[in-house]
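Down below is the structure, laid out as structure tokens.
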Amino acid sequence: MDGSNGLRDDGSSTDPLKWLRALPKFGHGIGLHRMQVCMQELVPGEWGQRLDAVKVTGSNGKGSTCALIAAILRQLSICSGLYTSPHLVRFHERIMVDGEPIGRQDLTRSINWFREVQAEYMRDFPHDTFGAFEAFTAVAFHHYCQVRPETIVVEAGIGGRYDSTRLIPGQLAALTSMDLEHTQLLGNSLELIAYDKADLCPPGGVLVVGCIEPDLLRRLRAYCELRGVCMVSCQEEATCTDVAYKNNLMQFELTCSGLDFGVVATPLVGEHQAKNAAVAVLTCWHWLRRNRPEVSHDRFREA
């Protein structure tokens, strides 16, 4: 790897990144209690207390949706982090701030912090091992606590109820799509999986839901009401029409929450990406209403 802007993935056993990536895929059982240990050091700070992160889950499209949300925020000059997985070329791409991946020294610092937390925890509970995604999430959040962006956009790993990202402070979540997946963990029906993913959003929060089957949407709405979550349906609040392809771009007409965005063009291809764009725009608009109400309709359209 580039020694000036990254760590070697294949270096010696003391290489922090190699150590991090060698952790087992899964820890011992559900790891929310382990994540809580990590977050207890970080969240009590002033930045952690006021953070309103955007968390995104779903069977498909969550990575694209996260990238779109972060891009809109950048256009609005709102400093934001972006935590996604997997990476395309380098691990550093998973942890970004304003479009720039984490640097070598910052990544080393955050990994070393996690190693100390893990070592102390393992002294007390030697058989309760951390999983890789738990570690990645803790490392990323430690970095964001140092940089302190105004918000972070977070891609969940699996589901929501037991996902490591659930402990990141934030009252807004998005559920992009639904499919039968990871049934041993999430449940053996779309309804159970939807409930699991919806639990990424805390009580009192807002859950933006993409295009899912109407009967499932009805059941999910009832579940959200029971949990005290406000569900916003993209199918009801947004429309994507006249999808066409021109000059290597996909174009479509987009309206969200009564705002007419006219023709939107994106290099992302496929009607599902138009739906992801609608989820991203609707989610971003709700975040702005909560945190940046001074941003006008016109400014948001431009972004």
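On a predicted model such as this, the values are computed, not experimentally measured, just so you know.
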For [X], enumerate each residue passing the side-chain hydrogen bond (donor to acceptor under 3.5 Å, both in side chains) test, keeping only those at least two apart in sequence or located in another chain.
X      : result
Arg161 : Asp199, Tyr223
Lys197 : Glu181
Asp196 : none
Trp285 : none

Is the shortest heavy-atom distance from the side chain of [X] to the side chain of [Y] under 4.5 Å?
X      : Y      : answer
Cys201 : Val206 : no
Ile168 : Thr137 : yes
Cys284 : Phe300 : yes

Show which side-chain atoms of residues 243-261 pair as donor or acceptor with protein atoms under 3.5 Å away, not counting sequence neighbours.
unit_1 : atom_1 : unit_2 : atom_2 : d
Thr255 : OG1    : Thr239 : OG1    : 2.5
Asp260 : OD1    : Gly262 : N      : 2.9

Subject >> From Arg94 atom CZ to Ser85 atom OG, the distance as rounded to the nearest 0.5 Å >> reply: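 Going from the CZ atom of Arg94 to the OG atom of Ser85 covers 5.5 Å.
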Original post:
For the atom pair CD1 (Ile69) and NZ (Lys62), what is the distance rounded to the nearest 0.5 Å?
Top reply: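 Output value for this atom pair is 13.5 Å.
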Original post:
Within the side chain of Gln146, is there an N or O that forms a donor-acceptor pair under 3.5 Å with the backbone of His142?
Top reply: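 It does hold such a pair.
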Original post:
If you group Ile, Leu, Val, Met, Phe, Trp and Tyr whenever their side-chain heavy atoms sit less than 4.5 Å apart, what else falls in with Leu268?
Top reply: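 Leu268 clusters with Leu68.
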Subject >> Pair Asp163 + Arg166: basic N to acidic O under 4.0 Å >> reply: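 Not counted as a salt bridge, because no side-chain N and carboxylate O are separated by less than 4.0 Å.
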With [X] via side-chain contact (heavy atoms from CB on, under 4.5 Å) - residues at least two apart:
X      : answer
Cys234 : Ala238, Ala278, Val279, Leu282
Pro149 : Trp47, Cys79, Tyr144, Val147, Ile152
Glu236 : Leu217, Arg221, Ser233

Subject >> Residues which pass salt bridge (charged side-chain N to carboxylate O under 4.0 Å, His left out) with Glu93, listed by chain and number, not counting sequence neighbours >> reply: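 Here no residue qualifies.
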**OP:** Enumerate the residue pairs fulfilling salt bridge (Lys or Arg N to Asp or Glu O under 4.0 Å) with a member in residues 127-150, sequence neighbours excluded, ordered by first and then second residue.
**Re:**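 Qualifying pairs, neighbours excluded: Arg34-Asp128, Arg34-Glu134, Glu150-Arg292.
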Original post:
Tell me, which pairs form a salt bridge (Lys or Arg N to Asp or Glu O under 4.0 Å) where one or both residues lie in residues 270-290, sequence neighbours left out?
Top reply: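 Checked against salt bridge (Lys or Arg N to Asp or Glu O under 4.0 Å) - neighbours excluded - the pairs reaching residues 270-290 are Asp52-Arg290.
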